[in-house]
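Just so you know, these numbers use all the heavy atoms, side chains as well, and skip hydrogens, waters and symmetry mates.
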Amino acid sequence: MKGGKYQTCAFHNRRSVLTSLVITNDPVSNSLSVKGCFELQERCLQNPLENLELTCGYLLEEDVKCLSQYPRLGYLKHLNLSYVLQFCISLEPLGALLEKIAASLETLVLEGCQIHYSQLSAILPGLSHCSQLTTFYFGRNCMSMDALKDLLRHTSGLSKLSLETYPAPEESLNSLVHVNWEIFTPLRAELMCTLREVRQPKRIFIGPTPCPSCGSSPSEELELHLCC
């Protein structure tokens with residue numbers, strides 16, 4: 001994984017059980033062997049990981065492939081890949097990981113990964129099986145209107161979702177990649193209709209974050225809305 005200013009490969013304790021691994025970036029080579037961290041974790045841990053964070057960098061093809069290969073990752077509850085750029089790699093291994101952890105995953109953060117709609121189909125089958133998912137962040141990715149509709153339809157079985165975020169469709173963006181609100185507003189309504197055909201959402205945010213009017217970002221405490 002490339003990018004960033006520092007490296008962290010840290011284990012965190014909860015109730016004396018080692019359950020969390022956080023990996024960020026290397027200050028010297030500007031890269032990090034995710035495989036190396038997992039091999040260290042395999043030697044040190046006797047318990048499955050519940051939380052995995054890989055944040056702020058470039059995820060290499062071999063890094064993604066190793067995610068689904070380690071037995072200790074089979075019971076993840078929280079997976080955070082925020083701002084790990086994935087626009088130029090295959091997401092089939094990530095889809096395989098989602099299939100593997102579908103029975104336990106509660107939080108999935110893919111915010112700001114620059115995932116392109118042409119890559120989306122690789123993760124949809126795995127995502128659709130994550131029946132315990134309560135929180136899904138997918139904002140700041142490059143999605144067309146058709147891709148977002150497809151994504152929303154694949155969440156039909158995710159009845160426990162209580163907070164979900166999605167980007168504005170690319171059809172609503174101007175040449176500066178800013179939202180054109182006249183175009184965006186009816187498209188957002190169309191997306192909500194698509195979603196309500198398959199399930200009733202609780203808290204959902206579709207559009208740019210933070211809100212350009214009030215500056216707020218989606219969270220468990222915020223009643224989500226578009227105030228502009």
Contact between [X] and [Y] at the side-chain level, heavy atoms closer than 4.5 Å - yes or no?
| X | Y | value |
| --- | --- | --- |
| Tyr75 | Leu49 | no |
| Leu133 | Glu106 | no |
| Leu98 | Leu105 | yes |
| Leu151 | Leu127 | yes |
| Leu161 | Pro201 | no |
| Leu191 | Met145 | yes |
| Glu50 | Leu76 | no |

Begin with the C-alpha distance, continue with both residues' side-chain angles, and end with the deciding distance and a verdict on side-chain contact (heavy atoms from CB on, under 4.5 Å) for Leu81 and Leu79. CA-CA 7 Å; Leu81 300 178; Leu79 177 60; 4.2 Å; yes

In chain order, what residues pass the side chain to side chain donor-acceptor pair (under 3.5 Å) check against [X], with sequence neighbours excluded?
| X | value |
| --- | --- |
| Ser172 | none |
| Glu99 | His129 |
| Ser128 | none |
| Asn180 | none |

Nearest heavy-atom pair of [X] and [Y]: which atoms, and what distance?
| X | Y | answer |
| --- | --- | --- |
| Pro167 | Leu148 | O-CD1, 3.5 Å |
| Ala168 | Leu173 | CB-CD2, 4.4 Å |
| Pro169 | Ser144 | CB-C, 4.3 Å |
| Cys113 | Tyr83 | SG-N, 4.2 Å |
| Ile115 | Met143 | O-CE, 3.3 Å |
| Tyr137 | Thr165 | CA-OG1, 3.4 Å |

Closer than 3.5 angstrom, by distance alone: can the side chain of [X] be matched with the main-chain N or O of [Y] as a donor-acceptor pair?
| X | Y | result |
| --- | --- | --- |
| Gln119 | Ile89 | yes |
| Thr155 | Leu158 | no |
| Thr134 | Lys160 | no |
| Lys202 | Ser159 | yes |
| Arg199 | Gly157 | no |
| Ser104 | Lys77 | no |

For the atom pair [atom1] ([X]) and [atom2] ([Y]), what is the distance rounded to the nearest 0.5 Å?
| X | Y | atom1 | atom2 | answer |
| --- | --- | --- | --- | --- |
| Leu94 | Leu110 | CG | CG | 6.0 Å |
| Gln86 | Leu91 | CD | CG | 5.5 Å |
| Glu164 | Phe205 | CD | CZ | 12.5 Å |
| Leu108 | Thr135 | CG | OG1 | 10.0 Å |

Could you work out, with salt bridge (Lys or Arg N to Asp or Glu O under 4.0 Å) as the rule, every residue matching Arg196, not counting sequence neighbours? none

Under the ring pair (Phe, Tyr, Trp, His ring centres under 6.0 Å) definition, can you give me all pairs with a residue in residues 87-121, not counting sequence neighbours? none

Applying ring pair (Phe, Tyr, Trp, His ring centres under 6.0 Å), which residue pairs with at least one partner in residues 140-171 are found, sequence neighbours left out? Phe136-Tyr166

For Glu197, side-chain contact (heavy atoms from CB on, under 4.5 Å) partners two or more places apart: none

Please enumerate all residues that pass side-chain contact (heavy atoms from CB on, under 4.5 Å) together with Pro93, with sequence neighbours excluded. Val64, Lys65, Ser90

Pairs satisfying salt bridge (Lys or Arg N to Asp or Glu O under 4.0 Å), at least one member in residues 147-158, at least two apart: Lys149-Glu190

Are Asn80 and Ser82 close enough that a side-chain donor and a side-chain acceptor fall under 3.5 Å? yes

Begin from the C-alpha positions of Cys142 and Glu170 and carry the test side-chain contact (heavy atoms from CB on, under 4.5 Å) through to its verdict. CA-CA 7 Å; Cys142 181; Glu170 65 172 10; 3.9 Å; yes

